[in-house]
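These notes are about the structure you will find just below.
FYI, the numbering just counts along the sequence from 1. Hydrogens, waters and symmetry mates are skipped; everything else that's a heavy atom, side chains included, is used.
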Amino acid sequence: MLIRSLKLSFCFLLFAAPAFASGEDAPAWLRQAAALPIGNYDKKVSSVVLVDESIMTVGDDGRVTTVSTFAVRILTREGRNAAVALNGYATDTGKVNDLRAWLIRPSGQVKTYGKDSVVDEAEALNDVYDESRVKRISAVDDAEPGTVFGYETKSEARPYFNQMLWYFQESSPVISSRLMLTLPAGWRARGITFNHAAIEPTINGSTYIWELRDLPGVEFEPAAPTWTNLVARLAVNYFPGEGIRSTSPRVFDSWTEVSRWYTELSDPQVAPDERVAAKARELTGNARTELERIRAIANFVQRIQYISIQIGVGRWRPHAATQVLAKSYGDCKDKANLMRALLKAIDIPAYPVLIFSGDPTYVREVWPSPRQFNHCIVAIKISDGTETSAILQHPKLGRLLIFDATDDQTPLGDLPDDEQGSPALIAAGDAGGLVTMPSMPLDSSRLDREAQIELTADGAIMGSLQERSFGQAAANERRAFHGLSAGGYRGLIEQWMTRGATAVKVIKVQPSDDSANGRFGLDVDFSAPAYAQLMQDRLLVFKPAIVSRRESLAFTDTKRQYPVVLTSSAYSETVRVKLPAGFDVDEMPDVVKLDTAFGSYATAYEVKDGQLVFTRKLVQRATTIPVEQYASVRSFFEKIRAAEQSPVVLARR
């Protein structure tokens with residue numbers, strides 16, 4: 001399976017749904033695929049890929065012609081979504097010559113999807129203009145369990161680099177997956193395998209074949225690695241042999257080469273004009289320190305509207321900073337570039353940073369390639385006197401403050417979770433290269449909560465809680481708050497509250513966003529009738545952990561296939577329950593104290609001045625835990641769940 005995006009997509013891509021048509025008989029290769037025995041699969045498996053093959057032929061000028069065939073058997077109703085054919089292309093460098101598909105029903109009847117079924121649409125629906133498009137055929141509405149869907153497509157393209165990615169599968173089991181690459185005489189190819197033992201190609205002259213068979217499916221597990229870190233994938237470099245002159249695109253041998261390439265592409269776009277310089281002076285006029293000057297510019301750039309226009313080499317090269325300021329919009333690399341220009345106008349150097357947003361473990365050091373990135377942030381050179389988080393000490397460039405000018409929920413001094421600890425390319429000519437992004441201090445992302453509860457003799461409660469979030473915990477709260485209407489946000493809070501107390505009535509929801517300082521507050525007043533259970537008119541039984549934590553991990557399965565990936569977080573809560581008159585505490589749960597390499601948890605109970613005071617604290621460290629140690633993870637979270645379900649018993653005097 002060739003990676004489906006054709007470009008260095010500095011933003012996440014969305015796809016729309018197409019239509020279909022009908023016609024003739026299925027080709028022989030699809031009939032043969034449909035006859036393959038597939039064995040027995042777990043009922044959770046919704047589809048099985050029978051054949052996934054691409055035959056790529058490279059010309060002397062680097063132009064690539066590709067013929068692909070794909071067939072999938074639908075096993076369940078949920079598997080219908082696999083009955084889609086698609087092929088992406090760029091209007092300026094390639095085209096799809098043919099795309100056709102067939103559906104073989106269990107009865108043997110064939111439905112054909114020809115030219116009338118093809119929908120041609122923009123690949124990135126959030127771009128104003130983008131030459132990356134996709135042709136698609138959908139048979140989702142026709143597919144049923146037992147059907148086989150297959151398609152073949154022919155395309156040609158002139159890529160920007162002599163580099164490519166092949167995924168041997170997505171999540172479904174695969175019977176056969178094969179990439180065949182035919183090069184001009186004298187050319188060579190080199191493959192690098194990820195997530196699998198090295199796959200050696202079969203070589204016949206200048207044709208290379210990489211193949212895997214009988215691949216098991218990838219099952220969902222909570223806190224598992226992303227699927228791109230589980231399935232076998234292949235990175236291929238291909239290039240002319242020594243002494244062969246060619247006009248084909250380039251290939252990179254080192255990360256320094258990638259740094260030089262992107263520096264040459266982006267630096268000319270940074271030059272500030274008088275308008276940029278004037279804006280920089282305006283923004284920083286009242287700033288007293290270096291950090292205040294940088295923050296003023298950062299806040300301004302984050303407010304620039306995100307709009308992407310991807311044309312030609314503009315998929316990688318940012319627009320000129322002067323244009324971005326004048327038009328007041330741009331994509332991630334445009335915003336990073338504008339920030340560099342504004343900083344340059346006040347004599348603060350900054351560099352573009354290419355990174356993969358969405359998975360800090362995606363980029364692999366062994367394959368120097370721009371194709372591993374989908375996002376651009378910025379590294380700002382700071383003096384020794386400037387102190388904040390998100391600082392990287394670079395061996396050649398000195399102290400660098402890393403900042404994402406696109407994520408308007410994460411202020412300067414912090415980094416989004418999925419960028420922390422990620423390999424990223426600092427483009428600074430010969431001084432640049434691949435480095436690891438900083439990770440924030442453990443307590444920088446945390447949620448602190450206090451709750452005051454009044455319990456009545458009949459078991460009803462009236463209460464209020466105050467939450468204060470910091471760092472990425474605040475950024476997550478901020479995204480929810482700004483991403484919903486006022487009614488939608490209130491509904492979200494009500495839904496969360498009812499997980500801890502049934503029939504809860506939310507009286508007041510009062511959020512407060514202090515984004516400049518990376519904080520978010522939430523105050524909620526609520527009530528719930530009969531929260532505590534009254535037994536024999538003399539005992540009141542209730543859980544002091546009244547409100548559930550926002551995020552919880554359910555490691556309930558006894559066995560597991562994949563490592564456990566935990567992110568960094570910290571949580572603390574103090575609950576003060578005013579006891580009803582005439583009742584005393586009769587039983588309290590045992591205190592819990594857990595300490596592991598990946599986290600700690602503690603609870604405590606105290607009765608004082610007619611109140612029960614319950615505290616709990618969880619600290620979770622970002623780490624990946626081998627599957628062999630899963631039992632310790634499961635035990636840790638089981639004990640947490642048990643502690644938070646433990647009741648307090650009050651007895652009437």
**OP:** State, without any angle test, whether Ser172 and Ser47 hold a side-chain donor-acceptor pair at a distance under 3.5 Å.
**Re:** yes

**OP:** Kindly give the heavy-atom pair with the smallest separation between Leu455 and Ala532, and that separation in Å.
**Re:** CD1-CB, 3.9 Å

Original post:
What do the steps show when you test Gln611 against Glu606 for side-chain hydrogen bond (donor to acceptor under 3.5 Å, both in side chains), and what is the final call?
Top reply: CA-CA 8 Å; Gln611 288 188 331; Glu606 181 185 14; over 6 Å; no

Original post:
Hey, does Asp525 have a side-chain heavy atom less than 4.5 Å from the side chain of Asp523?
Top reply: no

**OP:** Using a 4.5 Å cut-off on heavy atoms from C-beta on, say whether the side chain of Ser177 contacts that of Trp166.
**Re:** yes

Original post:
Of the non-hydrogen atoms in Leu291 and Glu387, which two are nearest, and what is the gap between them?
Top reply: CD2-O, 3.8 Å

Original post:
When you check the side-chain N and O atoms of Thr410 and Gln472, is any donor under 3.5 Å from an acceptor?
Top reply: yes

**OP:** Taking atom CG of Asp590 as the centre, report whether more than 12 heavy atoms of other residues, nucleotides or ligands fall under 6.0 Å from it.
**Re:** no

Subject >> Close side-chain approach of Ile461 to Ile546, heavy-atom, < 4.5 Å >> reply: yes

Original post:
Heavy-atom distance under 4.5 Å between the side chains of Leu401 and Thr388, does that happen here?
Top reply: yes

**OP:** Quickly, which of Asp214, Val48, Val231, Leu215 forms a side-chain contact (heavy atoms from CB on, under 4.5 Å) with Val174? Name it, please.
**Re:** Leu215

Original post:
Can you tell me if CZ on Arg77 sees more than 12 non-hydrogen neighbours from other groups inside 6.0 Å?
Top reply: no

Subject >> Pairing residues for Phe520 by the ring-ring contact (aromatic ring centres under 6.0 Å, His included) criterion, not counting sequence neighbours >> reply: Phe481

Subject >> Gap between atom CZ of Arg295 and atom CG of Asn517 - 0.5 Å precision >> reply: 7.0 Å

Original post:
When the ring centroid of Tyr167 is compared with that of Trp227, is the distance short of 6.0 Å?
Top reply: yes

Original post:
Any side-chain heavy atom of Asn195 within less than 4.5 Å of one from Leu230?
Top reply: no

Subject >> Carboxylate-amine/guanidinium proximity below 4.0 Å for Asp448 and Arg468 >> reply: no

Subject >> Over all atoms of both residues, closest heavy-atom pair of Ala457 and Phe583 >> reply: CB-CE1, 4.0 Å

Subject >> Minimum heavy-atom distance between Phe403 and Pro411, given as atom pair plus value >> reply: CE1-C, 4.1 Å

Original post:
So, do Lys578 and Met462 sit near enough that their side-chain heavy atoms are less than 4.5 Å apart?
Top reply: no

Subject >> Geometric class of the Phe637/Phe555 ring pair [parallel <30°, tilted 30-60°, perpendicular >60°] >> reply: tilted

Original post:
Which atoms form the tightest heavy-atom contact between Gly358 and Asp418, and what is the distance?
Top reply: N-OD2, 3.0 Å

Subject >> No-hydrogen, no-angle side-chain donor-acceptor test under 3.5 Å, Ser357 and Asn374 >> reply: no

**OP:** Measure the spacing between CG of Leu579 and CG of Asp609 and express it to the nearest 0.5 Å.
**Re:** 11.0 Å

Subject >> Ser464 and Gln452: CA distance, side-chain angles, deciding distance, side-chain hydrogen bond (donor to acceptor under 3.5 Å, both in side chains) verdict >> reply: CA-CA 5 Å; Ser464 64; Gln452 296 80 36; 3.2 Å; yes

Subject >> Euclidean distance, Phe598 CZ relative to Ser568 OG, rounded to 0.5 Å >> reply: 14.0 Å

Original post:
Counting heavy atoms not belonging to Gln495, are there more than 12 under 6.0 Å from its CD?
Top reply: no

Original post:
Measuring from Asp359:CG to Asn229:CG, what's the distance to the nearest 0.5 Å?
Top reply: 5.0 Å

Original post:
Looking at Thr226, Ile625, Thr624, which hits side-chain contact (heavy atoms from CB on, under 4.5 Å) with Val565?
Top reply: Thr624

Original post:
With no hydrogens and no angle check, do the side chains of Gln169 and Asp52 hold a donor and an acceptor under 3.5 Å apart?
Top reply: no

**OP:** In sequence, state the C-alpha distance, the side-chain angles, and the governing distance for Val506 and Arg490, and then conclude on side-chain contact (heavy atoms from CB on, under 4.5 Å).
**Re:** CA-CA 9 Å; Val506 175; Arg490 183 184 177 93; 4.0 Å; yes

Subject >> For Glu221, the option from Lys559, Arg560, Arg634, Lys44 that meets salt bridge (charged side-chain N to carboxylate O under 4.0 Å, His left out) >> reply: Arg560

Original post:
Looking at OH of Tyr601 and NZ of Lys617, how far apart are the two atoms once the value is rounded to the nearest 0.5 Å?
Top reply: 13.0 Å

Subject >> salt_bridge(Asp408, Arg478) N-O dist < 4.0 Å >> reply: no

Original post:
Would Tyr605 and Phe614 count as a ring-ring contact (aromatic ring centres under 6.0 Å, His included) if you check the C-alpha gap in whole Å, the side-chain angles of each, and the deciding distance to 0.1 Å?
Top reply: CA-CA 5 Å; Tyr605 303 85; Phe614 165 67; 5.1 Å; yes

Original post:
Counting only heavy atoms not in Gln466, do more than 12 fall under 6.0 Å of its CD?
Top reply: yes

Subject >> Inter-residue atom distance Gln420.CD - Ser445.OG, 0.5 Å rounding >> reply: 7.5 Å

**OP:** Check the pair Arg653 / Asp584 against salt bridge (Lys or Arg N to Asp or Glu O under 4.0 Å), numbers first and verdict last.
**Re:** CA-CA 7 Å; Arg653 297 192 193 102; Asp584 293 321; 3.0 Å; yes

Subject >> Given Leu354, Val353, Val363, the one that forms side-chain contact (heavy atoms from CB on, under 4.5 Å) with Leu425 >> reply: Leu354

Original post:
Glu628 and Tyr630: side-chain donor and acceptor closer than 3.5 Å?
Top reply: no

Subject >> Closest non-hydrogen atom pair between Asp407 and Gln302, with its separation >> reply: O-NE2, 2.7 Å

**OP:** Kindly confirm or rule out a cation-pi arrangement of Arg233 over Tyr362, judged by NZ or CZ under 6.0 Å from the six-membered ring centre and within 45° of its axis?
**Re:** yes

